[in-house]
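Along the sequence shown, residues are numbered consecutively beginning with 1. These values consider heavy atoms only, across backbone and side chains, with no hydrogens, waters or symmetry-generated copies. Whatever order the structure lists ligands and atoms in, that order sets their numbers, starting from 1.
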Amino acid sequence: MSLDVITIAGARPNFMKIAPLSWAFGRRPSVRHRIVHTGQHYDANMSGRFFEDLRIPEPWRNLNVGSAPHGRQTAEIMSRFEPLLEEDRPDVVVVVGDVNSTIACALVASKMGIPVAHVEAGLRSFDRSMPEEINRLLTDAIADVLYVTEPSAVRNLAHEGCDPKRVVMTGNVMIDTLLEFRERATHSDITERLGVPRKSCVTMTLHRPSNVDDRVKVRALVDMMTEVASLAPVVFPIHPRTRTRIKEAGVDLASIPGLVTCDPLGYVDFLALMDRSRLLMTDSGGVQEEACLLQVPCLTLRDNTERPVTVDVGVNRLVGSNPAEALRVAKLILRDGAGKMGIPEMWDGHAAERIVTDLVARFSGPGSPA
Ligand code: UD1
Ligand code: UDP
């Protein structure tokens, strides 16, 4: 018996999710594993660097789609992915997360009758103005097997009428990667290079269109950042979407005392930076989860989260997109600390192994790997 599998990656948060899957596939001689990179993200610091940092094998193909509005980007990925599946049909296509590459490739494979597995399924923000929520709902509706990270996902899928046989609780592949690289991150010199003291800075990331695409909101968030930076050094690695929007809003970050900005960081440096922070302030999905393992308090600058377990364990607090509330809670945590924090169940470093074991059992066909 053998398994022929294609895994899809396209944007930054996909790479840390496919890394442990690629290591687990690599340990099984009966598996032929190929990675297709859609090219949704393409800058070295949003893509290429992660392949080196995370020991991910070279993609079999890169679709080089680049940036475009949602409809065009999704369509472009679909039209470039379909011929690859016609050329060399796998037993299963694995998609991760909730980006445009996820739904585009799931839809192509599903229409061709190729089984689809969705890693990090079932998360719901219940906010359909988020492009990711649409991607999650549609991908879960068509995927054959749904690997989930937290109890809320099981409930959401049950509520949507999903057959429980399709749902498998596996833990969190992003956490597998964090645990694999945490020791290496202790050797990073990122805090020295940025000139911030260890264990006393605040790390901030922002890239959700709901926060950064509106000029008034961007300015208010920068005002909040300025206030926080007067209490503790703030490090702000800037996502390319956000860099463009801040420039358009006419904001000068260089003049803010205590604020250190930089380009997006590589995985190990960013992990080291989070691990050495007193507080994380973010609208990222992945950072909310990583905060739990690092036991660093996290304030999520959104009105909702599709990852409620991070709140349940006492690590994450939703402060909404209201900067005044974010500042109030940040002040409290910087003064008093965050209180008791826990770690979600099964976030133990073995999620990818569970997923690959299940994939092999479900989808292996006769024959030997090519
Ligand atoms: C995408 C995902 C989002 C994810 C985020 C992670 C969707 C709908 N959105 O959002 O879920 O949280 O990635 O970072 O899939 N750009 C560059 N270089 C790059 C990539 C992008 O300069 O390598 C710029 C381009 O101007 C582009 C903008 O960033 O227009 C936004 O990129 P895009 O992939 O459309 O969305 P993200 O905001 O990155
Ligand atoms: N990340 C990184 N460098 C940075 C910022 C984030 O390596 O400068 C990592 C972060 O640790 C997490 C992932 O990127 O593993 C999260 O991706 P992102 O915030 O872009 O997307 P989201 O999780 O919101 O979809």
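With a 4.5 Å cut-off on side-chain heavy atoms, Glu120 and Arg307 count as touching.
In this structure, Arg243 has no heavy atom closer than 4.0 Å to ligand 1. Within the structure, the closest approach of Pro13 to ligand 1 falls below 4.0 Å when heavy atoms are considered. The closest approach between Met174 and ligand 2 falls below 4.0 Å for a heavy atom of the residue.
Hydrophobic clustering (side-chain heavy atoms under 4.5 Å, transitive across Ile, Leu, Val, Met, Phe, Trp, Tyr) keeps Met281 apart from Leu318. Cluster membership check: Tyr42 does not share its hydrophobic cluster with Ile18, using side-chain heavy-atom separations under 4.5 Å among Ile, Leu, Val, Met, Phe, Trp and Tyr. The hydrophobic cluster containing Val287 also contains Ile190, counting ILVMFWY residues as joined when their side-chain heavy atoms lie under 4.5 angstrom apart, directly or transitively.
Scanning all protein heavy atoms for the shortest distance to atom 24 (C) of ligand 1 gives Pro240 CB, 3.8 Å. Residue, atom and distance of the protein heavy atom nearest to atom 29 (O) of ligand 1 are Arg241 N, 3.6 Å.
Listed here is the closest heavy atom pair of Ser22 and Ile35: CB-CD1, 4.5 Å. Minimum interatomic distance between Ala106 and Val116 (heavy atoms only, all atoms of both residues): O-CG2, 3.7 Å.
Against a heavy-atom cut-off of under 4.0 Å, Arg208 is close to the following atoms of ligand 2: 24 (O), 25 (O). Distances below 4.0 Å separate heavy atoms of Met274 from the following atoms of ligand 2: 11 (O). Counting the atoms of ligand 2 from 1 in the order shown, those under 4.0 Å from a heavy atom of Pro237 are 8 (O). Residue contact check: Phe50 has heavy atoms under 4.0 Å from atoms 7 (O) of ligand 2. Within ligand 1, the atoms closer than 4.0 Å to a non-hydrogen atom of His207 are 4 (C), 5 (C), 6 (C), 12 (O), numbered from 1 in the order shown. For ligand 1, the atoms sitting less than 4.0 Å from at least one non-hydrogen atom of Glu132 are 3 (C), 9 (N), 11 (O), numbered in the order shown with element in parentheses. Residue contact check: Pro264 has heavy atoms under 4.0 Å from atoms 8 (O) of ligand 2.
Backbone and side-chain nitrogen or oxygen atoms of Ser284 are examined, and one is located within less than 3.5 angstrom of a nitrogen or oxygen of ligand 2. Note: an N/O pair closer than 3.5 Å links Gly285 and ligand 2 by distance alone. The shortest N/O to N/O separation between Phe270 and ligand 2 does not fall below 3.5 Å. Distances between N or O atoms of Thr205 and those of ligand 2 include no value under 3.5 Å.
Evaluated for a side-chain hydrogen bond (donor to acceptor under 3.5 Å, both in side chains) with Asp283, the options Asn211, Thr242, Thr300 yield exactly one hit, Asn211.
Between atom 3 (N) of ligand 2 and the options Leu206, Leu280, Leu265, the minimum heavy-atom separation is to Leu265. Considering Lys17, Glu132, Glu290 only, the shortest heavy-atom separation from atom 12 (C) of ligand 2 involves Glu290. Of the candidates Arg12, Met46, His41, Arg208, the one placing a heavy atom closest to atom 39 (O) of ligand 1 is His41.
Look at Asp348 and Arg354 and you find a salt bridge, because one of the NZ, NE, NH1 or NH2 atoms lies within 4.0 Å of a carboxylate O, short of that distance.
More than 12 non-hydrogen atoms from other residues, nucleotides or ligands lie less than 6.0 angstrom from NZ of Lys199.
Looking only at atom types and distance, the side chain of Gln40 has no donor-acceptor partner in the side chain of Asn100 under 3.5 Å away. Under 3.5 Å, the side chains of Glu150 and Ser152 contain a donor-acceptor pair of N or O atoms.
Annotation: the span from Asp275 atom CG to Arg182 atom CZ amounts to 4.5 Å, rounded to 0.5 Å.
By the criterion of a heavy-atom distance under 4.0 Å, the side chain of His207, and not its backbone, is placed next to ligand 2.
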